[in-house]
S.K.: 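To start, I am sharing the structure in question, which I have written as structure tokens.
Throughout, numbering of the chain's residues begins at 1 and tracks the sequence. In listed order, ligands and their atoms are each counted from 1. Every heavy atom of this structure was used, including side-chain atoms; hydrogens, water molecules and symmetry mates were not.
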Amino acid sequence: MEELLEEVIYDPYLPEKWPDPIPAYTKLLKDYPVYYLKKRDLWILTRYDDIMGALKDWKTYSSGVGGNVLEELPERVGNSLGTTDPPFHNQLRSVIGGVFTTKYISGMEDKMRSVVRDLINRFIDKRSFDAAGDFARLYTAGVVGDMIGIPEEDMGFFLNITGASRSLSEDDKNDPEKMTRFLKEMAKYCEKLVEKKIENPGNDVISMLLAAELNGKKMGVKEVSLASITLIGASLASTSMAITCSLATLHKHQDQLDEVRKDLSLIPAMIEEALRYDGSTVGFKRTTTRDVELHGKVIPKGSRVFLLYGAANHDEKYFPNPSKFDIHRENNRHLGFGWGVHNCLGAPIARQMLRIAYEELLPILGEFEIDYDNVQYSKQPQFRGYQVLPVSF
Ligand code: HEM
């Protein structure tokens, strides 16, 4: 048994080593519902019920103790949604979430469409493009930058720092000092931007957060800057990689691609199924605040536990015939956006961004090809997606 525990079935730090993670998910779900990845000192939960149990029991599976991401830094620039537990988390979430009303989100539709059309115009005559570098990243950066209030020319900096476009080298990942420096640079930039918005408010999230109150008090420069960093960090890689993953998934399922192309009203169902089948955020971390016994194993207090949403989305108890991509799947309650107190605050925005991308792209692309010999997988820990995805049409 000990020997088996040393076997690396799946390692969320090295997503590029699992270009197709589904066989690993299937094996984990069947034989290792509680899998200890010794080399990372990381416990991985895979089954839907166990992950839901952990998400409901946020006191035991805390985000506040160690944060929700795998990259741990010696110093945090501050605490925000992913690094706090209720009750403070609820208060902060209602302020940040308060900005994203249905009206605000539907008001973003024109901007989203115009960014997509502008990008398509840049490659339409060439009949080929890199769906990651020429489209998904620039689209996400354009929309998120506009939403937060960041000038377009500065978005490259954020794409790099958040890992949306930078392939982290092993050296970078193992250099917490370097990562901390990157984050501090980002915080400095955002604080300056917030100060500018105090003088000159606009129609952006920073200006709205400056006008909002947390516990009856206006938020300061540092708090608004942190909230902005949270939104940037949570949206860039997740959304751009969701676009590349779903495009590749569609390409591999030509019958359903044809169906969606003929009836664009199927796009939302297709997006949900693509997020279930091969979504961009494969999981998030928690830290146990007590010993937990699960499937005969004891996860000690203080352990890092990775909730592998990607695997839970292939749990046949909830998703019959899970390895089948099926845009007509019923009851598709996937965990691509998490669940519970920390569920994705930006899910309605992400869904709208993906929908608009496909409404504009599919009629232009027609029958398209992907050059799989030249794709590059993202090396961003805990994400799935493509760094380069060459498409011709
Ligand atoms: C397809 C794109 C996206 C995917 C797949 C995704 C996925 C997720 C997931 C799985 C979580 C749960 C984290 C956890 O369990 O700890 C999460 C949280 C979050 N997401 Fe997203 N996300 C996407 C886009 C966005 C966008 C566009 C925004 C912002 C506009 C955003 C903002 C957030 C925030 C703020 C949280 C933290 C919520 C909390 O801890 O209370 N996300 N996201």
Side-chain angles (χ1 to χ4, degrees), residues 12 45 51-52 54-56 58 61-70 79-100 104-105 108 112 136 139-148 150 158 162 164 204-205 208-209 226-247 268 271-272 274-287 305-310 312-313 334-358 380 382-385:
L45 302 192
I51 290 182
M52 286 298 268
L55 291 172
K56 282 178 193 158
W58 51 261
Y61 293 89
S62 165
S63 297
V65 174
N68 67 350
V69 292
L70 289 173
N79 281 314
S80 195
L81 292 175
T83 56
T84 51
D85 293 319
F88 178 70
H89 169 268
N90 296 346
Q91 293 154 1
L92 189 59
R93 188 164 162 126
S94 74
V95 180
I96 302 179
V99 169
F100 298 111
Y104 176 83
I105 296 170
M108 288 168 71
M112 292 177 182
Y139 172 41
T140 313
V143 172
V144 172
D146 184 68
M147 174 177 94
I148 309 274
I150 299 171
F158 286 98
T162 57
D204 50 62
V205 167
M208 285 187 260
L209 288 174
L226 260 176
S228 317
I229 292 174
T230 306
L231 291 169
I232 296 164
S235 57
L236 290 184
S238 57
T239 313
S240 55
M241 293 194 205
I243 294 172
T244 56
C245 277
S246 53
L247 195 64
I271 289 168
E272 295 309 310
L275 288 170
R276 180 200 73 82
Y277 182 82
D278 188 13
S280 54
T281 51
V282 299
F284 278 90
K285 193 193 73 179
R286 301 292 187 262
T287 303
V305 180
F306 193 64
L307 309 178
L308 191 55
Y309 299 147
N313 286 338
H334 65 80
L335 297 181
F337 288 117
W339 188 88
V341 293
H342 289 282
N343 80 336
C344 178
L345 186 97
I349 300 175
R351 287 185 162 116
Q352 182 166 299
M353 283 184 75
L354 281 152
R355 173 177 60 76
I356 290 169
Y358 280 106
Q380 173 79 353
Q382 80 189 62
F383 282 94
R384 269 277 302 148

S.K.: Does ligand 1 have a heavy atom under 4.0 Å from the side chain of Leu81, from its backbone, from both, or from neither?
M.R.: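 For Leu81, the contact with ligand 1 is made by both the backbone and the side chain.
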S.K.: Heavy-atom pairs closer than 4.0 Å: do any link ligand 1 to the side chain of Arg286, the backbone, both, or neither?
M.R.: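 It is the side chain that gets close, since no backbone atom is under 4.0 Å.
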S.K.: Students often mix this up, so state it plainly: with edges at 30° and 60°, are the rings of Tyr104 and Phe100 parallel, tilted or perpendicular?
M.R.: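 Taking Phe100 first and then Tyr104, their aromatic rings stand perpendicular (interplane angle over 60°).
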S.K.: Could you say whether the N/O atoms of Tyr309 and ligand 1 ever approach to under 3.5 Å?
M.R.: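 Right, the criterion is met.
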S.K.: Only heavy atoms of Ser280, strictly under 4.0 Å: list the atoms of ligand 1 that pass.
M.R.: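 Here the atoms of ligand 1 in question are 5 (C).
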S.K.: With heavy atoms of Val341 as the reference, note each atom of ligand 1 found under 4.0 Å away.
M.R.: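 Those qualifying, in numeric order: 41 (O).
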S.K.: Below the 3.5 angstrom mark, is there an N/O of Ser63, backbone or side chain, next to an N/O of ligand 1?
M.R.: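 Such a contact does not occur with ligand 1.
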S.K.: Quick one: which ligand 1 atoms are inside 4.0 Å of a heavy atom on Gly336?
M.R.: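 Near Gly336, meaning under 4.0 Å from one of its heavy atoms, ligand 1 has 5 (C), 7 (C), 10 (C).
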S.K.: Below 4.0 angstrom from a heavy atom of Ile349, which ligand 1 atoms are there? Numbered from 1 as shown, please.
M.R.: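 Counting from 1, the qualifying ligand atoms are 30 (C).
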S.K.: Does the side chain of Tyr277 come under 3.5 Å of the side chain of Ser246 through a donor N or O and an acceptor N or O?
M.R.: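 The answer is no; no qualifying pair exists.
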S.K.: Pull out every atom of ligand 1 sitting under 4.0 Å from any heavy atom of Ala242, numbered as shown with elements.
M.R.: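 Under 4.0 Å from Ala242, ligand 1 has these atoms: 1 (C).
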S.K.: For ligand 1, which part of Asn68 has a heavy atom less than 4.0 Å away: the side chain, the backbone, both, or neither?
M.R.: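 Contact part for Asn68 vs ligand 1: side chain (C-beta onward).
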S.K.: Using a plain distance cutoff, I'd like to know if His89 has any nitrogen or oxygen under 3.5 Å from a nitrogen or oxygen of ligand 1.
M.R.: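 Yes, at least one N or O pair falls under 3.5 Å.
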S.K.: Hey, which atoms in ligand 1 end up nearer than 4.0 Å to a heavy atom of Arg93?
M.R.: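 In order of number, 38 (C), 39 (C), 41 (O).
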S.K.: Mind checking whether Asn343 contacts ligand 1 via backbone (N, CA, C, O), side chain (CB onward), both or neither, at a 4.0 Å heavy-atom cut-off?
M.R.: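 It is the backbone that gets close, since no side chain atom is under 4.0 Å.
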S.K.: Are side-chain N/O atoms of Ser62 and Asp85 paired as donor and acceptor at under 3.5 Å?
M.R.: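 There is such a pair between these side chains.
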S.K.: Write down the atom of Ser240, the atom of Ala136, and the distance for their closest heavy-atom approach.
M.R.: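 Closest heavy-atom pair between Ser240 and Ala136: O-CB, 3.4 Å.
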S.K.: Ligand 1 and Thr230, any nitrogen or oxygen pair closer than 3.5 angstrom?
M.R.: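 So ligand 1 has no N or O lying under 3.5 Å from an N or O of Thr230.
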S.K.: What's within reach of atom 21 (Fe) of ligand 1, meaning protein N/O/S atoms under 2.8 Å?
M.R.: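 Listed by chain and number, the nearby protein N, O or S atoms are Cys344 SG.
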